[in-house]
Each structure stands twice: as C-alpha cells, then as structure tokens.
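Below is one structure; the comments refer to it alone.
When a residue number appears, it is its place in the shown sequence, counting from 1. Counting starts at 1 for both ligands and their atoms, in listed order.
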Amino acid sequence: MTSRKTYILGIESSCDDTSAAVLCNKKVLSNVVATQDIHRQYGGVVPELASRAHQQNIVPVVHQALAKANIDKKDLSAIAFTKGPGLMGSLLVGTSFAKSLALGLDIPLIAVNHMEAHILAHFIEDDENNREPSFPFLAMTISGGHTQIVLVKDFFDMEILGETLDDAVGEAFDKSAKLMGLPYPGGPLVDKHAQQGNSAAFNFPKPKVEGLNFSFSGLKTSILYFLQRETKKNPDFVAENIDDICASVQNTILDILMDKLQLAVQQTGINEIAIGGGVAANSGIRTRLKEAEEQLGLHTYIPKFQYCTDNAAMIGITGYLKYRKGQFSNQSVAAKARFAIGS
Ligand code: KG4
Ligand code: ZN
C-alpha cells in the first residue's frame, strides 16, 4: 500500500442538516454540521425552508470545514457529495455547489448515495475506536428518514433485505412524542422519560408485517386512540403518566426493531451487526443490543453519535472508498430524490 494522502471534501445536504467534512484517507479532519432550527416551530421539516437554509449555510460551512482541517482548497483530491435520496430542493444545493467547486478546482467529482454513506460511516478511522464490521454484515439504518436492514457483502455490494412500508422509526418516536405534547424532535425526550418509566405499564399492538419489512403507522394510530380514551377519563392522564407512556411506547418500537433484526440474523446466519442513523442514540436500543450480544452471540457496531446522524464525514469516507476505485462522476450528474442503494 502507498502512504499517499488523499484529501476528500464531503458535502451533505439531503434533508435539514448542511454539513461539510474534510477527510485525509479514512480519518476525519473536520466535520461541520449546521442544524436548521427553523423546523422546530413547525413540528417537522419544511422542504422549502430547508432549501433556503442550505443556500445560506453552504458557503460558510465549507469554509469552516476547510479551516478546521487546516487544508487549502487547492490541496483537495476530490469532492464527494450526496446525490440522493432526499428532498430535491435540499439535494440541489449541495449537488450544484459540489459540481461548481470541482469544475473550478479541476478535481474529480464523486456522487454518493446517502443510505450507503450511513452504512460506510462504520469505516471511518478513529483513534478511540478502531473496530469495524467485517464482510458480510447486516446494517440496520434507523433515523427520522429511514428504516432499513441491508445485507452488506462488500463496500459497494449491498442488498436491501427489508425497509419501512410507511413511517421511519424516528418518525414513530417523533409522532408519538407530538401526541403527548412533547416538542419536535421528540425522540430524545421519549428516551429521557422512558428511562424513569415502567415499560410494562401499557401495551401497544405490534404490527404483523411479512418478512423483514417494517410498519410504524399503525402504532401511531393506536397510541392516538389510547391517549384519547384515557384523557377522556382523566384529563391529566398524560402529565401524570408521561414516564410510563414513553417507556411503553419505546419498548414497543424496540421490540419491533429487535424482532426483525433477530429474524434477519436467523435468515442469513450473519452475526455482524452495524447500526446507524439518529435513533442509534437511543439508550434503550443500546441496552437491547448489549443483551443480544450476550444472549445471541452477535457482534454489534455503533459509530460515534456525530457519524450516526446526518453528517458529511460519512459522505467523505464513502467518497474516499470510491476514489480508490476511480468511481467518478462527470458534470452531467444530477440529484435524485429517490435513489436506491446499489442503483
Ligand atoms: O439521523 P437523523 O439525525 O436525521 C435523519 O436522517 O432523520 O435522525 C433524527 C431522528 C429523529 O427522528 C429523532 O427523534 C431521532 O433520530 N432520535 C432519537 C434519539 N435521538 C435522536 N430517537 C429516539 N431516542 C433518541 N435518543
Ligand atoms: Zn440520513
């Protein structure tokens, strides 16, 4: 192997985080994320506002990423950007910016699939944690926008085994939280209350979905009916029982995830499990995975939190892995709102 240093600028703008990162080979030199707080007051991401905020953020975020990495843009080897999937208006900002900068600097342009990047974030080299999953492994990506179980045979040889048919798991957390009057994004708050509650206090039905696919919209409806019924009897029901409700809701969501994960392990015989996405921050899922390690002999991997949520470092590492293979795009590349893994 050569000891050549490759500097990749990664750019992520698929949803509501504008992010830029600089990597030297597999190491992250900087990873700047501008989170758009504007969406909080609307209880969810407003696409038009997201595009406008990306437009405002992209130049300062890239400047900061280069400055923090102490790298001049002339030293960059290539630019990697999120081509999709995501919100079209948001993707267009990062895509156009990356194309222009690559053209201006006359360096290669690398299109990255956001879902592949969530998985390949596991290959970021970190001084504190150098464990990485070995092929083949199962990746479960759980966030506000995605819920997938993917069979990863090699860096760019992946097959989706199951995915959500409706809401993403993060949405299930956020929508349940909203029904309880908690602010957006409610996932971390549900987690916080759940830690003080009794997870067996209330029962919610689990959906019956074939194979490795998921569904969360039914759960949301049953929580809605449950809360309506109980608050009719006692208007203070939610306030008086918030910890127990959160613990029970979280428990149901985690049961759904863990049941499918266990099924995937049974079906494939693979026990290397890589978790990614914002919901990987949930304290309950971490406990469940630990239990599964001990009881089922699984090896589980969770990247640092900053590489789990939407970030440009994961785009940078994917860009680096593609750079090594010479997988470049030309200037005719276009953003794709729907963009399946492996397509
Ligand atoms: O990966 P991410 O930052 O953005 C998306 O691509 O969606 O994930 C955000 C999602 C939100 O739905 C948020 O509520 C959820 O991750 N989340 C959590 C926790 N922290 C973040 N859900 C449950 N427990 C948590 N501790
Ligand atoms: Zn994401």
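Residue Lys220 forms a salt bridge (charged side-chain N to carboxylate O under 4.0 Å, His left out) with just one option from Asp166, Asp167, Asp174, and that option is Asp167. With respect to Leu161, the side chain to side chain contact (heavy atoms under 4.5 Å, CB included) criterion is satisfied by exactly one of Leu263, Thr268, Val150: Thr268.
Counting heavy atoms under 4.0 Å from ligand 1, residue Asp191 touches it through the side chain alone. With a heavy-atom cut-off of 4.0 Å, Val279 touches ligand 1 through backbone and side chain alike. By the criterion of a heavy-atom distance under 4.0 Å, the side chain of His146, and not its backbone, is placed next to ligand 1.
The minimum heavy-atom distance between Ala312 and Gly10, with the atom names listed, is CB-O, 3.4 Å. Of all the heavy atoms in Ile38 and Gln41, the pair that sits closest is O-CG, 3.1 Å. The two residues Ala292 and Met258 have their closest heavy-atom pair at CB-CE, 4.0 Å. Between Glu272 and Pro133, the shortest heavy-atom distance links the atoms OE1-CA, 3.5 Å. Minimum interatomic distance between Gln36 and Asp16 (heavy atoms only, all atoms of both residues): CG-O, 3.0 Å. Heavy atoms only, all atoms of each residue included: Pro303 and His122 are closest at CD-CE1, 3.3 Å.
A perpendicular orientation is assigned to the rings of His114 and His118, their planes being inclined by more than 60° (bins at 30° and 60°).
Distance check for Cys15 against the Zn ion (ligand 2): none of its N/O/S atoms falls below 2.8 Å.
Ion pairing between a basic and an acidic side chain is recognised when a charged N comes within 4.0 Å of a carboxylate O; Arg52 and Glu48 show such pairing. We find that Glu230 and Lys233 are joined by a salt bridge, their nearest charged nitrogen and carboxylate oxygen being less than 4.0 Å apart.
No other N/O/S atom of His114 lies as close to the Zn ion (ligand 2) as NE2 does. Atom NE2 is the N, O or S atom of His118 at the shortest distance from the Zn ion (ligand 2).
The N/O atoms of Gly144, backbone and side chain alike, include one that comes under 3.5 Å of an N/O atom in ligand 1. At least one N or O atom of Gly278, backbone or side chain, sits closer than 3.5 Å to an N or O atom of ligand 1. At a 3.5 angstrom cut-off on N or O pairs, Gly145 counts as close to ligand 1. Ligand 1 has an N or O atom lying under 3.5 Å from an N or O atom of Asp310, backbone or side chain.
Around the Zn ion (ligand 2), the angle linking Asp310 (OD1) with His146 (NE2) is 160°, rounded to 10 degrees.
Heavy-atom contacts of Gly170 reach the following atoms of ligand 1: 12 (O) (cutoff under 4.0 Å). Interface atoms of ligand 1 facing Thr309, defined by a heavy-atom separation under 4.0 Å, are 1 (O), 3 (O). Of all atoms in ligand 1, numbered sequentially from 1 with element shown, those under 4.0 Å from a heavy atom of Ala281 are 20 (N), 26 (N). Close approach of ligand 1 to Ser143 is summarised as follows: ligand atoms under 4.0 Å from at least one heavy atom of the residue are 1 (O), 5 (C), 6 (O), 7 (O), 8 (O).
For Pro188, the heavy-atom gap to ligand 1 drops under 4.0 angstrom.
For atom 24 (N) of ligand 1, the nearest non-hydrogen atom from the set Asp174, Thr35, Ile142, Asn282 comes from Asn282.
For atom 22 (N) of ligand 1, the closest non-hydrogen atom of the protein is Gly187 CA, 3.5 Å.
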